[in-house]
Amino acid sequence: MKKAVGIDLGGTYIKAGLVDENGKIIKKQQFPTLAEKNDREIVLTQIEKSIEFAFEDNIEGIGVGTPGVVDDEGIVYEAPNLPCWDKINLKKIFEEKFKKKVVVENDVNTIAWGEYLFGAGKGSKTMICITLGTGLGGGIVKDGKLLRGGKYSAVEIGHIPIDYKGPKCKCGNIGCIERFVGRDYIVERAIKGIREGKKTKIYELVNGDLDKITPKTISDAYNLGDEFAESIWIDVGICLGAMFSGLVNLLNPDTIIIGGGISQAGKILFDTIEKTIKERAMKILSRDLKVVPAGLGIDAGIVSAGALIFQE
Ligand SMILES: [Zn+2]
């Protein structure tokens, strides 16, 4: 059985594991990233410790999923939660240190690959995967290959504009989808509605402390039959559906996979996304499409990073 080390690099934790070619985790552990020290040597030492934990002499290689844009040589750019990370060649550093094949990929592209190999995208010909949380990340697998840009990882689905006169996004563009469906922007809708006098159980659930509102509060209110909470999820679903209708017309996927914390909103969100796509995308291109939740669960980052080594 072939094995690989999978490293899921996050702003707070590095999750490391030894993964086999069927996507089973043999062992795993998490380490603090220590990004707040703002020193790349410290973060690199933490990653090396995490690799050493999972390392065995007979592994095929080490897969690393990292925030940011990754080029063909394994150099990372523009990782938002790791300010010390710009233009660092992770592939070269770890290949020299561990004398094994190293594949470095953007974290959500990595998840897309893992979902294709072991999760909800198994057997798909063209699939789009997004993770919905603080931000919106995306990855695409087409004909058994992870889709990348010309030289860089690309597929920054969260920064597809859906409103050319819309609000400014932190990437510098205007009206990006992330600016409507990222965690803080969903919460912002709830706060704005309450300030405008909407009657909603969201207010009662946080005892009037608007700073305590989270997407989960909005889901809890929705499950209690709250109409305002329902309208928020419907609007988030329509935004996503509108964006996906463009991607469906572009790529004609058979599967759209949605993961990340916000996807816990569940059926109301998935149903609205699917309905909006069917209404807006070209009929023939959306006819056989499935919209499904992610299949890999809590260790998706580790399993998927290991899976990077099992690409053709
Ligand atoms: Zn943007």
Side-chain angles (χ1 to χ4, degrees), residues 9-12 35 65-71 75-88 104-112 127-141 146-192 214-215 218 232-251 253 256-263 265 269 272-273 276-277 280-281 291 294 301:
L9 179 56
T12 312
T66 173
V69 173
V70 183
D71 76 6
I75 304 176
V76 183
Y77 302 81
E78 297 187 23
N81 300 320
L82 291 165
C84 58
W85 222 227
D86 201 36
K87 299 191 187 67
I88 188 164
V104 183
E105 183 54 83
N106 164 272
D107 50 5
V108 189
N109 283 7
T110 301
I111 297 284
M127 58 155 263
I128 302 171
C129 173
I130 65 164
T131 61
L132 260 180
T134 311
L136 192 173
I140 292 170
V141 177
L146 191 56
L147 187 74
R148 290 178 49 91
K151 178 174 167 54
Y152 301 94
S153 49
V155 197
E156 294 288 338
I157 290 176
H159 299 287
I160 293 177
I162 58 164
D163 180 357
Y164 77 103
K165 290 179 177 170
K168 190 148 192 189
C169 177
K170 66 179 179 344
C171 76
N173 203 346
I174 287 166
C176 295
I177 176 74
E178 182 174 291
R179 187 62 186 72
F180 295 90
V181 303
R183 182 194 179 282
D184 292 349
Y185 305 113
I186 294 175
V187 169
E188 200 174 76
R189 287 164 198 256
I191 294 175
K192 186 164 174 281
T214 65
I218 303 170
I232 293 177
W233 288 127
I234 287 177
D235 197 52
V236 168
I238 291 173
C239 285
L240 285 162
M243 186 266 308
F244 276 128
S245 67
L247 286 176
V248 166
N249 289 346
L250 183 71
L251 291 165
I256 288 176
I257 298 172
I258 301 175
I262 308 274
S263 68
L269 185 64
T272 310
I273 291 170
T276 307
I277 296 170
R280 297 189 182 199
V291 179

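Ligands are counted one by one from 1 in listed order, and the atoms in each one are counted from 1 as well. For this chain, numbers begin at 1 and follow the sequence in order.
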Colleague: Roughly how far, to the nearest 0.5 Å, is the CZ atom of Arg183 from the CD atom of Glu188?
Modeller: 12.0 Å
Colleague: So, does Arg189 use its side chain to make a donor-acceptor pair with the main chain of Phe180 at under 3.5 Å?
Modeller: yes
Colleague: Can you give the donor-acceptor pairs under 3.5 Å from side chains of residues 160-168 to other protein atoms, not counting sequence neighbours?
Modeller:
unit_1	atom_1	unit_2	atom_2	d
Asp163	OD1	Lys165	N	3.0
Asp163	OD1	Gly166	N	3.3

Colleague: Quick check against the 3.5 Å criterion: does Asp71 have a side-chain atom that pairs as donor or acceptor with the backbone of Tyr152?
Modeller: no
Colleague: Would the distance check show the side chain of Glu178 and the main-chain N or O of Leu136 forming a donor-acceptor pair, the cut-off being under 3.5 Å?
Modeller: yes
Colleague: Under the 3.5 angstrom rule, does the side chain of Arg148 hit a backbone N or O of Asn109 as a donor-acceptor pair?
Modeller: no
Colleague: Could you pull out the N/O/S protein atoms under 2.8 Å of the Zn ion (ligand 1), ignoring any water?
Modeller: His159 ND1, Cys169 SG, Cys171 SG, Cys176 SG
